[in-house]
2 protein chains.
Amino acid sequence: MSVTIKDVAKRAGVSISTVSRVINNSKPVSNEIRQRVMSVIKETGYVPNPVARSLVTKKSQLIGVIVPDISNFFIGELLNGIEEVGKIYEYDILLCNSYGEIEEELKYINLLKSKQVAGIIFVTWKMSQEHVDAIKEGNLPSVYISKNAHNFDVYSVSIDNKTAAYEMTKYLIEKGHRQIGFIRSSIEDDIIDSERFKGYKDALEDNNIQIDNEIIKEGDTTSESGYYLMNEILNIKKPDAIFATSDEVAIGAINCILDKGYKVPDDISVVGFDDIKLASLYRPSLTTVKQPIYDMGAVSIRMIVKMIDGEEIEDKHTYLPYELVERQSVKKR
Amino acid sequence: MSVTIKDVAKRAGVSISTVSRVINNSKPVSNEIRQRVMSVIKETGYVPNPVARSLVTKKSQLIGVIVPDISNFFIGELLNGIEEVGKIYEYDILLCNSYGEIEEELKYINLLKSKQVAGIIFVTWKMSQEHVDAIKEGNLPSVYISKNAHNFDVYSVSIDNKTAAYEMTKYLIEKGHRQIGFIRSSIEDDIIDSERFKGYKDALEDNNIQIDNEIIKEGDTTSESGYYLMNEILNIKKPDAIFATSDEVAIGAINCILDKGYKVPDDISVVGFDDIKLASLYRPSLTTVKQPIYDMGAVSIRMIVKMIDGEEIEDKHTYLPYELVERQSVKKR
DNA sequence: ATGAAAGCGCTAACAC
DNA sequence: GTGTTAGCGCTTTCAT
């Protein structure tokens, strides 16, 4: 059996509370005894049992992360940031895949709470008041990574999606494009709530371009969806450019365009959103809005840790900088 | 505060041991009392505290997963399989990113043990006796997903890498290629241990093709590495085909070939290994060896659960079927 | 079949 | 500054 606080106390000739005090630095301990205890800890290789600790403190060094799709590229990079910064603060990641289903998400919130996690990072395509209520009730520090989190009274991290989409659309217009299709995921939010759609729409309006509903399509977050929706568009007309609200979807759309015998960007320009690793790997490399994905993960866990430690957090909603990255998938018309 | 076993016992007018018995089905309880307890549990919404449980049983419903790189495509798909099957058996995933560094890996093994995880799934590019010893000492159920795990006395899941590489090489030869470059990651294993290299070498020898060390290159698992190594090759000579030992590396190589003004597959054929999502998304889509990645994750966690439950496991090393998928990146010469 | 009680390893009053 | 002790919520002997 592994060594316990009792063993250490006995060997050091002190009480277990003293040992507890030195490992937690919770109360003053005379220097001599501290040394003695320390050396016994070293000798024996004692490691406090986190489970026993959690039982009494009702806290653990675990942070629950609920994501809608582990195999999604965006999520993978996000997890990277969360894990890496979490490690710095000695928090581990309890990973939950909700498949974007609200019942699963709600179930996990309870599960995580019972596991005594110290906080929850909630990544969701489309968030609702239900989520907020469930987590509020849990009374745990929580941060949301979600495009529409700013509509709720929660802590969140994101970018300014509306302005980013506006700029991207404007960029396309400046490149001479007029018929700009918009392919989005309805899983992520309703189109009326969609910041990215608002940005797109505003940019068109500000440039006196009529919105054409025939080239605005909704699907899900997969490349297959991008392919399918692009096909629907091409069956009706050939737009100048396509703005897809995620890189994965954009690449599905490009594949469709290519398969139909058109060239990208020569015949149709395509832009994405996110700047996942794939965007620069794919050929033609994808012009896109670079979200600081890793940083979004990093910042969100940093916020959680602050909340756990009772530190003040300035703003509920943190907006990180984005960037328009020009690559090969857009051509001046 | 949330409801405890004590509350349930009181409300049901029984002792806490009885409640424990009904929730764990550990000992016979009269039908009448069982009903009574059950209904109180339902009313109160009681959920056993897993932390308290772990403290006494020294087990948790947590399975530690140590991976070398969360943002790697292959790992993402693997995690998917692990999570999904884990959920069926009510195990959650404690995710650890080791960056492939052995000290990190060793540290995590101890951490996980102290967290009372029920088992560990160890994904590693290159495994060593050190890992095995560390985990053996931990005395926990464990399964390895690693290309060279079969060299060790551990439970593992993989595919028959040597035969797969042999077949892929043979396929390339049958397509008329003679100068077949080989790009691999030395991070994954030493070349002398590499099953994939053995398969490649054997196939060349069996077909009386001289091995050309100038077109055999070693780097890491990234696309950047593939790009760089391909560039080194092209600076010396132009091979007929390239066999990269991972899709990500293969795509880096293709990008280099494209940037140098050659065409794939017209000038140079390229094949990969893994069949990550990217392989079919990329254009030209990649001919590759399809590893059943999701299943590898699924099978490994299934093994762990069996071990936890004390069930017998037939074979230490499970080999899953692979498949050669022909796509667009190879052309008959 | 059921209950009483010990104890898992730890923290945190509370006493001295 | 240090020790004693009561729990945290649960499982598991040991009686009955």
Side-chain angles (χ1 to χ4, degrees), chain A residues 1-38 40-41 44-62 90 110-118 308, chain B residues 1-38 40-41 44-62 90 110-118 308:
Chain A
M1 221 41 265
S2 55
V3 19
T4 72
I5 196 171
K6 232 172 169 173
D7 304 327
V8 176
K10 198 175 295 173
R11 270 186 79 145
V14 297
S15 74
I16 59 167
S17 14
T18 302
V19 178
S20 174
R21 276 163 202 142
V22 349
I23 58 183
N24 294 303
N25 257 315
S26 47
K27 289 222 169 166
V29 173
S30 80
N31 235 310
E32 191 217 322
I33 291 197
R34 157 165 274 113
Q35 296 304 331
R36 189 139 42 98
V37 171
M38 293 288 244
V40 171
I41 289 178
T44 55
Y46 167 69
V47 179
N49 180 330
V51 177
R53 224 172 212 178
S54 291
L55 184 59
V56 18
T57 60
K58 312 225 163 296
K59 285 252 136 40
S60 73
Q61 290 299 110
L62 244 34
E90 306 200 302
N110 288 321
L111 180 80
L112 291 174
K113 208 192 144 192
S114 83
K115 296 245 185 211
Q116 240 78 284
V117 298
I308 293 170
Chain B
M1 220 40 267
S2 55
V3 18
T4 72
I5 196 171
K6 230 173 169 173
D7 304 326
V8 175
K10 200 175 294 173
R11 271 187 78 146
V14 297
S15 74
I16 58 167
S17 6
T18 302
V19 177
S20 174
R21 276 164 202 142
V22 351
I23 58 184
N24 294 303
N25 258 314
S26 47
K27 287 220 170 170
V29 173
S30 80
N31 236 309
E32 190 217 322
I33 293 197
R34 156 165 274 115
Q35 297 304 330
R36 188 137 45 98
V37 171
M38 293 288 244
V40 172
I41 289 178
T44 55
Y46 166 68
V47 179
N49 180 330
V51 177
R53 223 173 212 179
S54 291
L55 184 58
V56 16
T57 60
K58 311 224 166 297
K59 285 252 136 43
S60 72
Q61 290 299 109
L62 243 35
E90 307 199 303
N110 288 320
L111 180 80
L112 290 175
K113 208 192 144 189
S114 84
K115 296 248 185 208
Q116 241 77 284
V117 298
I308 293 169

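None of these values were measured; they are calculated from a predicted model. Proteins get letters first, then strands, A, B, ... in listed order; numbering begins at 1 in each.
- Distance from the side chain of B/Lys58 is smallest for C/dG9 among the nucleotides C/dG9, D/dC10, D/dC14.
- Nucleic acid contact class of B/Ile33 (heavy atoms, under 4.0 Å, all strands): sugar-phosphate only.
- The listed nucleotides are D/dC10, D/dC8, C/dA4; the one nearest the side chain of B/Ser15 is C/dA4.
- Rounding to whole angstrom units, CD1 of residue A/Ile16 and P of D/dC8 are separated by 16 Å.
- One can place CG of A/Asn25 at 17 Å from P of C/dC10, the figure rounded to the nearest angstrom.
- At whole-Å resolution of the value, NZ in A/Lys6 and C1' in C/dG7 are 8 Å apart.
- Note on A/Thr18: a side-chain N or O is less than 4.0 Å away from OP1 or OP2 of D/dG3.
- The side-chain contact (heavy atoms from CB on, under 4.5 Å) test with A/Val22 is passed by exactly one of A/Met38, A/Lys27, A/Gln35: A/Met38.
- The heavy-atom pair separating B/Pro50 from A/Ser114 by the smallest distance is CD-O, 3.2 Å.
- Projected onto DNA chain C by closest heavy-atom contact, B/Lys27 and A/Ile23 fall at different nucleotides, the more 5' of which corresponds to B/Lys27.
- For B/Asn49, no side-chain nitrogen or oxygen approaches OP1 or OP2 of D/dC8 to under 4.0 Å.
- Distance from the side chain of B/Ala52 is smallest to D/dC10 among D/dT13, C/dT11, D/dC10.
- A 4.5 Å side-chain heavy-atom check between B/Ile23 and B/Ile41 finds at least one atom pair inside the cut-off.
- Distance from the side chain of B/Ile5 is smallest for D/dC10 among the nucleotides C/dT2, D/dG1, D/dC10.
- If you check every strand for non-hydrogen atoms under 4.0 Å, B/Ser20 touches a base.
- Across the protein-nucleic acid pair, A/Gln116 atom CD and C/dT11 atom P stand 15 Å apart, rounded to whole Å.
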Is there a side chain to side chain donor-acceptor pair (under 3.5 Å) between A/Asn24 and A/Arg53? Walk through the geometry before answering. CA-CA 11 Å; A/Asn24 294 303; A/Arg53 224 172 212 178; 3.0 Å; yes

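- Atom CD of B/Glu32 is separated from atom P of C/dT2 by 8 Å (rounded to the nearest Å).
- Interface remark: the A/Arg34 side chain does not form any donor-acceptor pair with the D/dG1 base, using a distance-only criterion of under 3.5 Å.
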Set out, in order, the CA-CA distance, both residues' side-chain angles and the distance that settles side chain to side chain donor-acceptor pair (under 3.5 Å) for B/Ser15 and B/Thr18, then state yes or no. CA-CA 5 Å; B/Ser15 74; B/Thr18 302; 3.2 Å; yes

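- What separates CD of A/Gln61 from P of C/dC10 is a distance of 15 Å, to the nearest Å.
- How far CZ of A/Arg21 is from CD1 of A/Ile33: 10.0 Å, rounded to the nearest 0.5 Å.
- Side chain B/Ser17 to base C/dA4: a donor-acceptor pair is found below 3.5 Å.
- Atom P of nucleotide C/dG3 and atom CZ of B/Arg21 are separated by 8 Å, given to the nearest angstrom.
- Close to D/dG9, at under 4.0 Å from its OP1 or OP2, lies no side-chain N or O of B/Thr4.
- Within the 4.0 angstrom heavy-atom criterion, only backbone atoms of the sugar-phosphate kind lie near A/Val14; the bases stay farther away.
- Rounded to an integer number of Å, the gap from A/Lys115 NZ to D/dG9 C1' is 15 Å.
- Nearer the 5' end of DNA chain D, as judged by each residue's closest nucleotide, is the contact made by A/Gly13, out of B/Val47 and A/Gly13.
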